[in-house]
Amino acid sequence: MNTPFTATTNHAISHMNVGDGIEPITVIGTEDIRNGFDPTCLEQARNSRLAPGVSHLVLNPDAHGGYGAPIGCVLASPTHIYPGPVGVDIKCSMSLLQMDIPEEELRNKSVRRAIINAICERTPTGAGKGQRSVRKSRRVSRALGKQVALEGASFGVCDQLGIPPDWATKCEDAFHVGFDGTAGTLGERLDVLLASGLFPTFESKVEQLGSYGGGNHFGECEIVRIAEGAREQAVAETFGLMDRRAAFLSHCGSRGFGFQLANHQFNTLQTQFAAKGWAYPGNDKELVYAELGTNEANDYICDMSLGANFATVNHLLINALVLEAFQEVLPGTTGHLVYFISHNIARKEQVGNQEMWVHRKGATRAFPAQHEGLLNTPFYETGHPILLPGNPQDGSAVMVANPDAVQSLYSVNHGAGRAMGRRAAMRTLNQSDVDASFDTKDILTNCRTYPLDEAPAAYKDFSEVLRSVEEAGLATQVAKLKARFVIKDSDKSLRGAA
DNA sequence: ATGTCC
């Protein structure tokens, strides 16, 4: 059978040619992974590579079809910005909170159940849900909501929300700025958006700070297992990981605020393309773009930054609320943020000797030790933590990048990646089997019935994805995370129940 | 991902 991939000297890295004289797509993945990519994913990768101004494209082992571009790709351009390869959930991210609770203390189911309830009283799940829908809600004023969008995790914002201010130093980016590199243009843009009526009730978006949302978003209590090996253990110590103690992994983004910003951008840019009769890359309107320096690009960069700042504070607030919940059940518990890192964002980075917008869509930044992007961070000597959710039954991973990550635009995957669509999962998987699989492994959830489209079986084999990254030489596992309970959106969830 | 059709 014909394969679109050509071999390199590393069996987990191959190339996909898209035309003569065009640098091919870099594909990360073992043969099993390469043969598993869906046709939509490969077509989107080709369209993205051939799109105007795009100079590099990397396809990750967890890739599958997305909005215009694959979920699980990295796209770099020195001249253009692409909203699709950032995604609808601007700055969807992972964060990890390490606590000092020994694993023995979580053996007791009733202790875990009490913590689940304490968390669900503070951090709501589900579409449209915000602080109004939980008992122990945090009130955030409209004025503070604006400050959040403009400043991200600034000292003032953290102080007002009860977020330890040093957590801002454990963020990939604690804040994002406007197209000119200042927060000034961000403020002007937010005023324009608020006056335009895009947010009839800005308050309804602000009150979603400290909430998970739905879909693949989750919170998960983990037991940390640090890898063997001198380098791994030294890195784990720098990361602040604690072996055989509880940690909390969170996955969520910018909620309705980011969605609305992204959606408005797609509509605005597609209207402009239609009015001017411009062609879409690959005839796919989801791959709409703006050339840097235009008003359209400037507006997009501002809107992305506003959404990104919201997502950052959303994550930090969730972590503060989750720590509070653990402390309510287990008084004296201490915790610190290990890291907060996105997998849906565009950042300005050096690629070779050129500055580019690196778009990571379902891809995680992976800067190794001594990368200049880590100067003045706690991770310059080690590389930063890479937080990768697998699935609650097979575990998740913390990794650190190797110098070879240069081959993938200093990026790795963002998780396992979907193996089947939501509809197929709902049709194929059996509810009682899925629920029983959690019982068997003694993993509690807040759901009466686990959402089938989110069952581990709906995702790719995480170990094969990790093997791809490791054998490609991009990154090394520092710790494994084993789930003890999961917080997910479910129609029948036990939100805040006693 | 998303008040699951802004």
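We name chains A, B, ... by the order of the sequence lines, and we start the count at 1 in each one.
For A/Leu261 and B/dC6, the CG to C1' distance is 13 Å, given to the nearest whole Å. At whole-Å resolution of the value, CZ in A/Phe202 and P in B/dC6 are 20 Å apart. Atoms CZ (A/Phe199) and P (B/dT2) sit 14 Å apart, rounded to a whole Å. For the pair A/Asp453 CG and B/dT2 P, the computed distance is 13 Å after rounding to whole Å. Rounded to a whole Å, the CD1 atom of A/Ile90 is 12 Å from the P atom of B/dT2. Atom pair A/Arg423:CZ and B/dT4:P shows a separation of 16 Å (rounding to whole Å applied). Rounded to an integer number of Å, the gap from A/Arg255 CZ to B/dT2 P is 5 Å. In this structure, CZ of A/Phe259 is placed 7 Å from P of B/dG3, rounded to the nearest angstrom.
Using a 4.0 Å heavy-atom criterion, one finds that A/Gly214 contacts the sugar-phosphate atoms exclusively. Here A/Gly253 lies out of heavy-atom contact (under 4.0 Å) with every strand. If you check every strand for non-hydrogen atoms under 4.0 Å, A/Asn344 touches nothing. The residue A/Gly87 sits apart from the nucleic acid: no heavy atom pair falls under 4.0 Å. Across all strands, A/His264 comes closer than 4.0 Å to no nucleic acid atom at all (heavy-atom distances).
Between A/Arg360 and A/Ser342 the shortest side-chain heavy-atom distance does not fall below 4.5 Å.
For the pair A/Ser437 (side chain) and A/Val434 (backbone), a donor-acceptor distance under 3.5 Å is present.
Aromatic rings of A/His251 and A/His343 (six-membered ring for Trp) have centroids within the 6.0 Å cut-off, being under it.
Donor-acceptor pairing under 3.5 Å is lacking for the side chains of A/Thr125 and A/Lys488.
Position along DNA chain B of the nearest nucleotide to A/Asn263 versus A/Glu454 favours A/Glu454 as the more 5'-ward residue. Place A/Leu198 and A/Gln208 on DNA chain B by their nearest nucleotides, and A/Gln208 ends up nearer the 5' end.
Relative ring orientation between A/Phe248 and A/Phe485 is described as tilted, the plane-to-plane angle lying within the 30° to 60° band.
Not one side-chain nitrogen or oxygen of A/Arg422 sits closer than 4.0 Å to the OP1 or OP2 atom of B/dT4.
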